[in-house]
Number of protein chains: 2
Amino acid sequence: MFVVLHPDHRNPLYLQLVAAIRGAIVRGDVTPGERLPAARDLAESLGMNMHTVLRAYRMLADEGVIELRRGRGAVVTRRPEGRAQVEAAARELADLARAHGMAREEVLALLADESPGRSR
Amino acid sequence: MFVVLHPDHRNPLYLQLVAAIRGAIVRGDVTPGERLPAARDLAESLGMNMHTVLRAYRMLADEGVIELRRGRGAVVTRRPEGRAQVEAAARELADLARAHGMAREEVLALLADESPGRSR
DNA sequence: ACCTATTTGTCCGTATGTATG
DNA sequence: CCATACATACGGACAAATAGG
């Protein structure tokens, strides 16, 4: 299988799985347009529950990394102009911040808070 | 209870709950800083499962409408309107960047180019 | 400093629904 | 029509953070 989970008890299972899959995609182990294993299959092969895998899949889908559709499975998103999207988002953020008179450092700090992940 | 769900089978339960709670907050039925009922309590009083309520809570937390912390409960976020918008934009940018596997420093550099305090 | 109750977090399990191919 | 695979919802158990006494 293309994901190997080295036990890390500091992070929940589904987050480890998210990281592993994201890594596999970034490394090119799975290419855009390719399908990920069915949640149940991956769950079984990893010795975990279907829900745990589905939760990871859903999070990746929220991020736009994969597309999740009923009956079809999880497909890695094809994005031709990825960087352009990020730049557009950055510009929008900058504009908004300026509109509210926020200092540059403040925005950078804000972004840093959002970057690591979703620990709460 | 402050939420009443009129059965709507076109939308899943947890989405109806999200809408109901968001509405309650907008209407001022629950004010910023106030705590929402414990997920399990609300679930019981609405005749639904804990997980369904927790899922709604988690979605609201992702939107930044409430803060969800273990052992403390779900507290309505108190925050000026503008800052919430900026935070949403920052979150979106962070998600996008993560989706593309961009390093944090890379994003920060990108944003710095677009940020206030720089003459164009 | 300690203990306890509260409350969310995670994970497992099961069942049924529903879009896709 | 049928198999596949995610979507939703229910239930239970234990872990972990928080708050209060």
Side-chain angles (χ1 to χ4, degrees), chain A residues 1-3 5-21 25 30 33-78 116-120, chain B residues 1-3 5-21 30 33-78:
Chain A
M1 189 48 56
F2 70 102
V3 271
L5 252 44
H6 11 40
D8 172 10
H9 293 285
R10 297 167 317 196
N11 284 312
L13 257 181
Y14 75 94
L15 282 185
Q16 297 177 43
L17 188 53
V18 164
I21 296 177
I25 293 176
V30 272
E34 199 172 338
R35 215 187 111 220
L36 266 48
R40 281 169 181 78
D41 295 347
L42 183 55
E44 188 180 10
S45 86
L46 291 178
M48 65 177 71
N49 192 272
M50 167 197 71
H51 291 301
T52 309
V53 175
L54 273 181
R55 182 160 182 187
Y57 276 10
R58 205 177 309 123
M59 181 169 284
L60 288 168
D62 285 343
E63 294 175 5
V65 176
I66 66 176
E67 276 180 40
L68 215 46
R69 292 178 60 181
R70 242 175 221 172
R72 233 191 20 160
V75 179
V76 178
T77 312
R78 332 171 167 269
R118 303 179 186 215
S119 52
R120 243 169 226 157
Chain B
M1 190 47 56
F2 69 102
V3 269
L5 252 44
H6 8 32
D8 172 8
H9 293 285
R10 294 168 319 201
N11 284 313
L13 256 181
Y14 75 94
L15 281 185
Q16 296 178 43
L17 188 54
V18 164
I21 296 177
V30 273
E34 198 173 338
R35 214 185 115 226
L36 264 48
R40 281 161 179 81
D41 293 348
L42 183 55
E44 189 181 10
S45 85
L46 291 178
M48 67 178 70
N49 192 273
M50 162 197 77
H51 294 298
T52 309
V53 176
L54 272 182
R55 180 161 182 186
Y57 277 11
R58 203 178 311 124
M59 179 169 287
L60 288 167
D62 283 344
E63 292 176 6
V65 177
I66 65 176
E67 274 179 42
L68 212 48
R69 291 178 58 183
R70 211 184 242 171
R72 240 190 15 155
V75 179
V76 179
T77 313
R78 49 167 110 246

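Lettering of chains follows the sequences in order, A, B, ..., and the numbering in each one begins at 1.
If B/R55 and A/G73 are placed on DNA chain D by their nearest nucleotide, the residue sitting closer to the 5' end is A/G73.
Taking side-chain N and O atoms only, B/N49 has no distance below 4.0 Å to OP1 or OP2 of D/dA9. Between B/T52 and the phosphate of D/dT8, there is no side-chain N or O to OP1/OP2 separation shorter than 4.0 Å. Contact check, A/Y14 against C/dC11: no side-chain N or O comes under 4.0 Å of OP1 or OP2.
The shortest distance between side-chain heavy atoms of A/L15 and A/M59 falls below 4.5 Å. No side-chain heavy atom of B/T52 sits less than 4.5 Å from a side-chain heavy atom of B/R55. Within the 4.5 Å cutoff, side-chain heavy atoms of B/L46 are placed close to those of B/L17.
Of all nucleotides listed (D/dA9, C/dT7, D/dG12), C/dT7 comes nearest to the side chain of B/D41. Candidate nucleotides D/dT8, C/dT10, D/dA5 were compared by shortest atom distance to the side chain of A/A38, and D/dA5 ranks first. Closest to the side chain of B/L54, out of D/dA7, C/dC12, C/dT10, is C/dT10.
Counting to the nearest Å, the P atom of D/dA15 and the CZ atom of B/R69 are 22 Å from each other.
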Polar atom pairs (N or O), protein with nucleotides 2-4 of chain D, under 3.5 Å:
none

